[in-house]
Undergrad: 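Below is the structure I would like to discuss, written out as structure tokens.
Start at 1 and go down the list; that is how both ligands and their atoms are numbered. In this text, all values refer to a predicted model and were calculated from it rather than measured experimentally. Any value given below was found using the heavy atoms of this structure, including those in side chains, with hydrogens, waters and symmetry copies removed.
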Amino acid sequence: SPLPVIRKSSKKTLADLPTGRTLVMGILNVTEDSFSDGGKYLSTDAAIDQGLKLLYSGADIIDVGGESTRPGARDVDPALESERILPVIETLAKAGAVISVDTMHVSTARAAIEAGAHIINDVSGLTYEEGMPELIAETGVPYVLMHRRGTAQNMVSEANYADVVAEVVQELRQLRDEFVAKGVAPEQIIIDPGLGFAKDAQHNWALLANLSAIEELGHRVLIGTSRKRFLGELLAEGSKSREPLARDAATAATTALGARDKVWAVRVHDVVGSRDAIEVVQAYGSH
Ligand SMILES: Nc1nc2ncc(COP(=O)(O)O)nc2c(=O)[nH]1
């Protein structure tokens, strides 16, 4: 389909983000193997169309990723990752979207910021790439610092905790201190418990039930539950896990719980479902 005509550049800044409610970050995976929508938006046109759909559905932020981060995902060459996402970022920024870029690579992050991305969303956790703190310090952009042990290849084997909440908080604190020591301002940092990254279902539920412990680190909190395996297991019929595309109602329920706990944002596929859940929490809280 022909590229949408963007009449004037209505570029947004972070100051344009709404305040007073949990924000919705819509997921745009420009990859061939993400677990729930892999391959659907691999072409630039398809990705831009989907990004505009997310924007017009009410996404406050669009999270553009060029590399699948699920367990066992293959590493993508940063040059290929950039090639996939830069034209998408450029067009969506011009269309007035606030954009985060889901990357673990410094080169991709730098290029994405130059193309108009506002936030770096890095799922590397303790295995972040050399130079990332320095880039974030130098550019001053908000940075999602997410908890993960190991890599996509081995993080499943790292899901061993005596007290998952205490250990995740402690490891996030250490990571945050490393970034601050390298010049990143604390107010740039957004914390994410990394649900499903080196965590099993019970770990995810424990972290969701204790978001206040994460918030005690003193930063905005982002959570990503959307369509993840632990929801499929919860809703399984017998041994058959609920399929990813049928997990949006459960995802919206986790959004409501996060909004009640005042998380800064939720990262979801179904934007409308979570926007609605946040409206319900707002109304509920004002009566
Ligand atoms: N900050 C953040 N980013 C993420 N990126 C990818 C995925 C994996 O999910 P996807 O394959 O649906 O993108 N989950 C997160 C998450 O929980 N938090």
Undergrad: For a side-chain contact (heavy atoms from CB on, under 4.5 Å) with I191, tell me which candidate from V168, L175, L217 qualifies.
TA: L217

Undergrad: Is the closest heavy-atom distance from R227 to ligand 1 below 4.0 Å?
TA: no

Undergrad: At a 4.0 Å threshold, what atoms of ligand 1 neighbour a non-hydrogen atom of L222?
TA: 1 (N)

Undergrad: Could you list which atoms of ligand 1 come closer than 4.0 Å to a heavy atom of V144?
TA: 1 (N)

Undergrad: Look at the rings of H147 and Y161 and say which category their plane angle falls in: under 30° parallel, 30 to 60° tilted, over 60° perpendicular.
TA: tilted

Undergrad: Can you sort out which atoms of ligand 1 are near N121, meaning under 4.0 Å from one of its heavy atoms?
TA: 1 (N), 2 (C), 3 (N)

Undergrad: Show your working on side chain to side chain contact (heavy atoms under 4.5 Å, CB included) between I119 and V141 and close with a plain yes or no.
TA: CA-CA 6 Å; I119 300 167; V141 300; over 6 Å; no

Undergrad: Number the atoms of ligand 1 from 1 as they appear, then name those within less than 4.0 Å of a heavy atom of H269, with their elements.
TA: 12 (O)

Undergrad: Without hydrogens or angle criteria, can the side chains of D122 and S124 be said to hold a donor-acceptor pair below 3.5 Å?
TA: yes

Undergrad: For T69, counting its heavy atoms only, list the atoms of ligand 1 lying under 4.0 Å from any of them.
TA: 6 (C), 7 (C), 8 (C)

Undergrad: Who gets closest to atom 4 (C) of ligand 1 by heavy atom: R267, M25, K228?
TA: R267

Undergrad: May I ask you to say whether K199 pairs ionically with E167, meaning some side-chain N is under 4.0 Å from a carboxylate O?
TA: no

Undergrad: Any nitrogen or oxygen of D102, main chain or side chain, under 3.5 Å from a nitrogen or oxygen of ligand 1?
TA: yes

Undergrad: For Q174, look at atom CD and say whether over 12 heavy atoms of other residues, nucleotides or ligands are found less than 6.0 Å away.
TA: yes

Undergrad: Considering only heavy atoms of G224, which atoms of ligand 1 have at least one such atom less than 4.0 Å away?
TA: 17 (O)

Undergrad: Under a 4.0 Å threshold between the charged nitrogen and the carboxylate oxygen, would D192 count as salt-bridged to R267?
TA: no

Undergrad: State the atoms of ligand 1, each with its element, that fall below the 4.0 Å cut-off from a heavy-atom position in V123.
TA: 3 (N), 4 (C), 5 (N)

Undergrad: Apart from M146 itself, which Ile, Leu, Val, Met, Phe, Trp or Tyr residues share its cluster (side-chain heavy atoms under 4.5 Å, direct or through members)?
TA: M104, V123, M155, F197

Undergrad: So is there a nitrogen or oxygen of D63 less than 3.5 Å from a nitrogen or oxygen in ligand 1?
TA: no

Undergrad: Going by the atom numbers of ligand 1, which of them fall below 4.0 Å from some non-hydrogen atom of M146?
TA: 2 (C), 16 (C), 18 (N)

